[in-house]
A.B. asks: 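Input: one structure, supplied below.
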Amino acid sequence: MGMILGISNNAVNFHVKNTMGKLGATSRIQAVAIAIRLDVL
């Protein structure tokens, strides 16, 4: 993901963790499921 966006892996992980926190998710898979349910994805 970082290569596609032109950012470091650390930046990707930082943003993923922030998003997970905002969604109240404990894993990436759960975050995706919540985002789909909220019609964000």
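We count residues from 1, following the sequence as given.
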A.B. asks: I'd like to check Val16 versus Met20 (side-chain heavy atoms, cut-off strictly below 4.5 Å). Are they in contact?
C.D. replies: yes

A.B. asks: Would you indicate whether the side-chain heavy atoms of Leu38 and Leu23 approach each other to under 4.5 Å?
C.D. replies: yes

A.B. asks: Can you tell me how far the CE atom of Met1 sits from the CG atom of Asn13, to the nearest 0.5 Å?
C.D. replies: 8.5 Å

A.B. asks: When you look at CG of Leu5, are more than 12 heavy atoms from neighbouring residues, nucleotides or ligands closer to it than 6.0 Å?
C.D. replies: yes

A.B. asks: When rounded to the nearest 0.5 angstrom, what distance separates CD1 in Ile7 from CZ in Phe14?
C.D. replies: 10.5 Å

A.B. asks: Does atom CD1 of Ile4 have more than 12 heavy-atom neighbours from other groups under 6.0 Å away?
C.D. replies: no

